[in-house]
Undergrad: 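A single structure is presented below for examination.
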There are 2 protein chains.
Amino acid sequence: MASQELYGELASQLRAIPAVARELSRSCPPNCPPASLGVLAVVSRHGELRMSRLAELLDIDMSVTSRHVAHLAERGWIDRLPDPHDRRSRLLRLTPGGMDMLRAALDGVTASLADHLRDWSDQDVLELCRLLERLRTAFTADCRPRTQTITM
Amino acid sequence: MASQELYGELASQLRAIPAVARELSRSCPPNCPPASLGVLAVVSRHGELRMSRLAELLDIDMSVTSRHVAHLAERGWIDRLPDPHDRRSRLLRLTPGGMDMLRAALDGVTASLADHLRDWSDQDVLELCRLLERLRTAFTADCRPRTQTITM
DNA sequence: TATTGTTATACTCTATAACTATA
DNA sequence: TATAGTTATAGAGTATAACAATA
């Protein structure tokens, strides 16, 4: 186990990430909010999937996921197809327009990252990706009984 | 410059951080929201400082900072002292109660991190801290039209 | 005139709970 | 009864703009 000071530093750095994400989101197309982009990216990567599975992958409540998807469906970027195995469920799929939007948004994000991280090596970027992936896994796959100790 | 695929992966991992932060914030005392904790931590680390400097360090707008500080001042965790050099300005300082609150909150956060990251080495945590610090710097110190950091 | 900090307003993202329609 | 998804409502966090006091 690391020292309290080190954990405090980590917590502090994590707190600062949203500001980075906000700056990054300035390069998103104006009609596609960052949260919607996240949905498009996950659906693109995983292919056809259900609402509940999408919510799980995004790690947000299904009610929120539902609203994001409705927003995307209104704009014709995502289709909600009936699930032949369960009529309560809907299968999500990117439309060609959705793929175009995702590609355009990713171009913007990539350009911004390439600009800001211009003196980072591929190795640096990769290492950060790996650590963030490990962090995410540690907090989601891990002890999921939900009711953590509220220490104070 | 890294590949578009690698940057896309990084963007995706960054998107997932708020979920980690939310889980982490469950270990905060219920009357101290995470954003307030961030303010306490910065003031504690930097000592007496002005609103504008605090906003800069938090990388959020001063109007938002003002509200957080007002919230903390109402609870007696922070003092807003008159600045002898500029009567428009106010100097912020943690009260003993604020220090207690910060310590208690950090204990909770530390416990949660120690639990979730129980199989991480100190080296892993340190490496993640360093990369996040570099990332933050790249997005704030970097190409910034107006952040001239007048330290005082 | 410019700057420091506050307040009013609005926007984004999220969670909880109540609801529907199937299973 | 239980589950998939939707909608209503509320809360946390942020930004922009208008403002008061001071420089």
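Proteins get letters first, then strands, A, B, ... in listed order; numbering begins at 1 in each.
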Undergrad: Nearest-Å distance, CG (B/L14) to P (C/dC13)?
TA: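 Atom-to-atom, B/L14 to C/dC13, this comes out as 16 Å.
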Undergrad: Answer with base, sugar-phosphate or nothing: what part of the nucleic acid does A/D83 contact at a heavy-atom distance below 4.0 Å?
TA: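 It contacts nothing in the nucleic acid.
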Undergrad: So which nucleotide from D/dT16, D/dT14, C/dT16 ends up closest to the side chain of B/A35?
TA: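 My answer, after comparing the listed nucleotides, is D/dT14.
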Undergrad: Both B/R80 and A/I60 contact DNA chain C. Which one's nearest nucleotide lies toward the 5' end?
TA: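 Residue closer to the 5' terminus by nearest nucleotide: B/R80.
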Undergrad: Would the distance check show the side chain of B/R118 and the main-chain N or O of B/D115 forming a donor-acceptor pair, the cut-off being under 3.5 Å?
TA: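 Such a contact is found between B/R118 side chain and B/D115 backbone.
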Undergrad: Measuring from the side chain of A/R88 (C-beta onward, heavy atoms only), which nucleotide among D/dT3, D/dT9, D/dT14 has the closest atom?
TA: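 Comparing D/dT3, D/dT9, D/dT14 against the side chain of A/R88, the answer is D/dT3.
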Undergrad: Is a salt bridge present between B/R50 and B/D86, judged by a nitrogen-to-oxygen distance below 4.0 Å?
TA: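 The answer is yes: the pair qualifies as a salt bridge.
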Undergrad: Name the nucleic acid region contacted by A/R90, choosing base, sugar-phosphate or nothing; use a 4.0 angstrom heavy-atom cut-off, strictly under.
TA: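 Result for A/R90 = sugar-phosphate.
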Undergrad: Rounded to the nearest Å, what distance is computed from the CG atom of residue B/D86 to the P atom of nucleotide C/dT3?
TA: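 Going from CG in B/D86 over to P in C/dT3 covers 12 Å.
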Undergrad: Could you check how far CD of B/E56 sits from P of C/dT4, rounded to whole Å?
TA: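 In whole Å, C/dT4 P lies 11 Å from B/E56 CD.
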Undergrad: What is the distance, rounded to the nearest whole Å, between atom CG of B/N31 and atom C1' of D/dG11?
TA: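 Going from CG in B/N31 over to C1' in D/dG11 covers 16 Å.
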Undergrad: Taking CG from B/L81 and P from C/dG5, how many angstroms apart are they, rounded to a whole number?
TA: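 Computing the B/L81:CG to C/dG5:P distance gives 13 Å.
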Undergrad: What's A/M51 touching, base or sugar-phosphate or nothing? Going by heavy atoms closer than 4.0 Å.
TA: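 Since only primed, P, OP1 and OP2 atoms lie under 4.0 Å of A/M51, the category is sugar-phosphate.
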Undergrad: Counting only N and O atoms by type, is there a donor-acceptor contact under 3.5 Å from the side chain of A/T110 to the main-chain atoms of B/Y7?
TA: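 Side chain of A/T110 to backbone of B/Y7, a donor-acceptor pair under 3.5 Å: no, none is there.
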Undergrad: Starting from C1' on D/dA12, measure out to CG on B/L37 and report it in whole angstrom.
TA: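 After rounding, the reported distance stands at 15 Å.
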Undergrad: For the side chain of B/M62, counting heavy atoms from C-beta on, which of C/dT6, C/dC13, D/dA4 is nearest?
TA: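 It is C/dT6.
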Undergrad: Check the orientation of A/W77 and A/H71. Use parallel for under 30°, tilted for 30 to 60°, and perpendicular for over 60°.
TA: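 Aromatic pair A/W77/A/H71 classed perpendicular.
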Undergrad: Side chain of A/S66: nearest nucleotide among D/dT6, D/dG5, C/dA15?
TA: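 Of the options given, the side chain of A/S66 lies nearest D/dT6.
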Undergrad: Just how far, in rounded Å, is C1' of D/dT6 from CG of A/L92?
TA: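 Spelled out: CG on A/L92 to C1' on D/dT6 is 13 Å.
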Undergrad: Of all the nucleotides listed (D/dG5, C/dT4, D/dT14), which has the minimum atom distance to the side chain of B/S89?
TA: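 Nearest nucleotide to the side chain: C/dT4.
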Undergrad: Hey, does the side chain of A/R87 come within less than 4.0 Å of C/dA21's phosphate (OP1/OP2), counting only N and O?
TA: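 Negative; the distance criterion is not met.
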Undergrad: Rounded to the nearest Å, what distance is computed from the CD atom of residue B/E23 to the C1' atom of nucleotide C/dT14?
TA: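 One finds 15 Å between C1' of C/dT14 and CD of B/E23, rounded.
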Undergrad: Of the nucleotides D/dG5, D/dT22, D/dT7, which has the atom closest to the A/S63 side chain?
TA: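 Of all the options, the side chain of A/S63 is nearest to D/dT7.
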Undergrad: Does A/A70 or A/R22 map to a spot on DNA chain D nearer the 5' end, using the closest nucleotide for each?
TA: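 Result: A/A70.
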Undergrad: Answer yes or no: does a side-chain N or O of B/H68 lie under 4.0 Å from OP1 or OP2 of D/dT14?
TA: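 Affirmative; the distance criterion is met.
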Undergrad: Identify which nucleotide among D/dA4, C/dT16, D/dA15 has an atom closest to any side-chain atom of B/D61, counting heavy atoms from C-beta outward.
TA: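 Given the options D/dA4, C/dT16, D/dA15, the side chain of B/D61 is closest to D/dA15.
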Undergrad: Just call it for A/P34: base, sugar-phosphate, or nothing, with non-hydrogen atoms closer than 4.0 Å on any strand.
TA: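 Sugar-phosphate: the residue A/P34, judged by heavy atoms under 4.0 Å, touches backbone atoms but no base.
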Undergrad: Checking contacts here: which listed nucleotide (D/dG5, C/dT14, D/dA15) is nearest the side-chain heavy atoms of A/R67?
TA: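 For A/R67, the side-chain atoms sit closest to C/dT14.
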Undergrad: Can B/R130 and B/E133 be counted as an ion pair, charged N to O under 4.0 angstrom?
TA: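 Salt bridge absent between B/R130 and B/E133.
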Undergrad: I'd like to know if the side chain of A/H46 and the backbone of A/V42 have a donor-acceptor N/O pair within less than 3.5 Å.
TA: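 Between the backbone of A/V42 and the side chain of A/H46 there is no qualifying donor-acceptor contact (under 3.5 Å).
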